[in-house]
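Each residue takes its place number in the sequence, starting with 1.
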Amino acid sequence: MWRSLFFVMLFLLAPALAEAQQRRAFIVGVQDYAELEKLTRTVEDANGYASVFGKDLGYTVTPLSGAPKRSDFNRAFGAFLESIRPGDEVVFVFSGHGWSDGAENYLALADARKNASEFELKEETVALSRSVLQQIKARNPSVVVAIIDACRDNPFASLTKSGFEKGLVRTETQEGMLVVYAAGERQKALDRLGPTDKASYSVFTRILLPKLRNGARPLMQSLDETREEVERLAGSISHRQRPAVYSDVSLKFCLSGQCAVAAPPPPDAETQAWLGINPGQDRTALCAAYQAHERTYPNGKFVASARALSASLCPQPPAKTETQPSHDPQESYRKGYAAAEAGRYAEARLHYSEACNGGEPKGCTDLGALYDNGQGVPQDYAEARRLYKQGCDGGQPRGCTDLGFLYEKGQGGTQDYSEARRLYKQGCDGGNLFGCTNLGFLYEKGQGVTQDYAEARRLYKQGCDGGNADGCNNLGTLYHNGQGVTQDYAEARRLYTQACDSGEKVACENLKLLPSAGPNIPE
C-alpha cells in the first residue's frame, strides 16, 4: 500500500515559558473506516509513537485508535485541550485518511462519508491548521509538535474541486516553526517496500521512531539523517521519496529540553562527494556530475538518487529502431501522441523531445505534461513549467493554460495568481476552453483579480458552450447558489446534467444536492 505526505510541525512559543509544566501527547490512529478504504499500519504507527512519547520521552499520552468517529475525536480532543496549561509541551499525532482543498489540510475520522460534497467534507472532517494546531497554540504551550500521516491516495479526489489525487499541501512556516514532510510535496510516501516487507511500521516511521527515542539528541540532526535514509531505502525499489524539512528553529533544539550535543562523525568519501555537487550549476554540468557520481560509487548509498537525477537532467539517446527515425517535427509529435495514448510514456518522451526540439510547440506542451504527471520521467514541476512556457511562447494555447495552472498552485516555483490570470486569458483567447473555465474560477474566488461573479459566469458559459464539462458544472454552481445570477435551480439542474453526462463526477454529486423544489422548480 502507498502512503502519502507525512509531516512534523514544531511551534516554539512564548520564550518566557521556557520551563514546561507538563508534557502531553494526543495520538490518533484510524484504521477501520465505514465507507473509505480500510488502512493498514496506521494503528501500529500510532502505537509506536505512543510508546516513544510515553515510555521513552515521559509524556502523558491520550490515545484514540481503531475506528474513532468525528464525535469521539471532538469529545477526546476537547478534553485534551482543557488539560493544557501555559508552558506545557504538547504533541499531536494523526495517522489515517486525509485530503486537501489546496489551502488547508483535512483529517478524516472513521465515519467520513465517501460521497459527500466538498462543502460537506470541509464541515465533517477536521481542518488541521484551524481546528487543531491553532486551538492548541491558543492554550500558550511552550512547544507544539504535530506528526501527521493524513493522506495516501486522496479518497475524495473525484469529488473535490481541487482534485488533488495524492499528498497534502505545504503549511507555510513562521518564526519558531519546523516542518518536515516524509515525502516531498505531492510525492507519495511508502507504506512498505513490497509484498514481502513485513516491517511493523511505514518506511518513514520505522526510520524516525528509533531516532526520537533519544530526546537529548538535537532534533534537526535526527531529521537530517532520516531524510538520507528514507531516500536511500525508497530508492532501493526505484521510488522517489525524500523528506523535505523547513525550519526556523535553533539547530540545537531537542525534545528533552536539554541537549547532549555530540560532534558528528566526519562524512565518508561518498557523502563528501555527494554534498560537493553544486545544485546551482546548469543542467549540462549537473548531468555530468551525477553521472560521474554513479560511475565512481556504483554501489553507493546515493546511487539511486544520482541515477534518477541524471535520467531527468541528461539528454537521452534516441530509441533504437530498425529504420532511421523521422526528423519531421509533426510526425514525431504524432508518434509521441500515439505512444502516450498506449501508455508507452518513455517512448512518448523521446518523440515529444524530438518534436519540441524541431520547433513543434505541441511537442513541448505534451512533454511538459509528462514531467507534470511523472509519466515516463521523474515528476519535475520546474521542468514542466519550462516546457509549457516553450509551448505557450510557440503559440500553443494549452501550454499557456497548463503553465497558468502551475502558477495558480505554486508548483515548480512561486505561486502567482496574476501570472496565472494572464496565462489563462492567453489560453482562452487562443481557443483552449480549460483556460476560459480556469480564468472564470479565479474571478469567482477573487484570486489575482477583483471578485466578479458576472465575469466568472461569462467565462464559464464560454467554456460550457464549447463543450467543457468543468465550465458547465461551475456555471451550474453559480445558478445553484445565486451568485452573479438570479438563483435558478432548474438552470442549475440542466447544467449539472450536461456536465454529468459528459463524465464530470463532481456535477453528478452536485445534482444530488439540488432540492426538489425551489426557485423556478415547481412543488
Side-chain angles (χ1 to χ4, degrees), residues 3 5-12 20 23-27 29 41-42 44-59 61 89-95 143-150 173 177-184 187 189-193 197 199-236 239 241-268 270-271 274-275 301-302 305:
R3 302 177 71 175
L5 288 183
F6 189 134
F7 63 85
V8 178
M9 304 185 64
L10 174 68
F11 296 87
L12 297 185
R23 311 174 80 196
R24 309 176 189 278
F26 188 86
I27 299 177
R41 289 189 169 90
T42 51
E44 288 85 351
D45 282 358
N47 289 342
Y49 284 105
S51 176
V52 167
F53 282 103
K55 296 179 180 179
D56 298 299
L57 299 176
Y59 283 73
V61 174
E89 292 185 4
V90 179
V91 168
F92 177 86
V93 178
F94 182 92
S95 184
V143 176
V144 179
V145 177
I147 304 176
I148 310 297
D149 180 1
T173 57
M177 180 188 295
L178 182 150
V179 181
V180 56
Y181 293 84
Q187 290 179 351
L190 290 172
D191 183 47
R192 56 181 180 171
L193 298 174
D197 182 2
S200 299
Y201 303 127
S202 66
V203 171
F204 182 75
T205 302
R206 73 183 68 168
I207 292 176
L208 179 61
L209 273 182
K211 300 181 186 300
L212 292 182
R213 288 193 175 96
N214 183 0
R217 193 166 189 245
L219 183 59
M220 279 301 301
Q221 186 175 342
S222 296
L223 294 175
D224 283 343
E225 292 179 2
T226 298
R227 295 177 72 194
E228 302 299 333
E229 292 178 29
V230 168
E231 182 178 35
R232 185 166 67 252
L233 190 58
S236 68
H239 178 74
Q241 179 183 342
R242 178 175 175 80
V245 178
Y246 307 94
S247 175
D248 193 8
V249 301
S250 170
L251 296 176
K252 299 179 180 179
F253 174 80
C254 56
L255 291 171
S256 69
Q258 294 183 345
C259 300
V261 182
D268 56 46
E270 187 199 359
T271 301
W274 181 257
L275 295 176
K301 55 189 175 182
F302 301 110
S305 298

Checklist entry - In terms of side-chain geometry, is the basic nitrogen of Arg217 or Glu225 positioned less than 4.0 Å from the acidic oxygen of its partner? => result yes

Checklist entry - Under 3.5 Å, side chain of Arg206 to main-chain N/O of Tyr201, donor-acceptor pair present? => result yes

Item to check | Side-chain (Arg23) to main-chain (Leu57) donor-acceptor, under 3.5 angstrom | outcome: yes

Item to check | Test salt bridge (charged side-chain N to carboxylate O under 4.0 Å, His left out) applied to Glu229 and Lys211, step by step | outcome: CA-CA 12 Å; Glu229 292 178 29; Lys211 300 181 186 300; 3.0 Å; yes

Checklist entry - Between Glu228 and Arg242, is the closest basic N to carboxylate O distance under 4.0 Å? => result yes

Checklist entry - Within the side chain of Arg41, is there an N or O that forms a donor-acceptor pair under 3.5 Å with the backbone of Ala199? => result yes

Checklist outcome for this item: Minimal heavy-atom distance between Ser256 and Ala216, with the atoms involved, is OG-CA, 3.4 Å

Checklist entry - What distance do Ile147 atom CD1 and Leu208 atom CG have between them, rounded to the nearest 0.5 Å? => result 6.5 Å

Next on the checklist: I need the Ile207 CD1 to Arg227 CZ distance, nearest 0.5 Å.
Outcome noted: 13.0 Å

Next on the checklist: How close do Tyr59 and Leu255 get, counting heavy atoms only, and between which atoms?
Outcome noted: OH-O, 4.2 Å

Item to check | From CZ (Phe204) to CG (Leu209), nearest 0.5 Å | outcome: 9.5 Å

Next on the checklist: Side chains of Asp45 and Ser95 only: does a donor on one sit below 3.5 Å from an acceptor on the other?
Outcome noted: no

Item to check | Rounded distance [0.5 Å steps], CG in Asp56 versus CG in Leu212 | outcome: 9.5 Å

Checklist entry - Any side-chain heavy atom of Val145 sitting closer than 4.5 Å to one from Val90? => result no

Checklist entry - Can you check whether Ser222's main-chain N or O pairs, donor with acceptor, with Thr226's side chain at less than 3.5 Å? => result yes

Checklist entry - Roughly how far apart are Phe92 CZ and Ile27 CD1, rounded to 0.5 Å? => result 10.0 Å

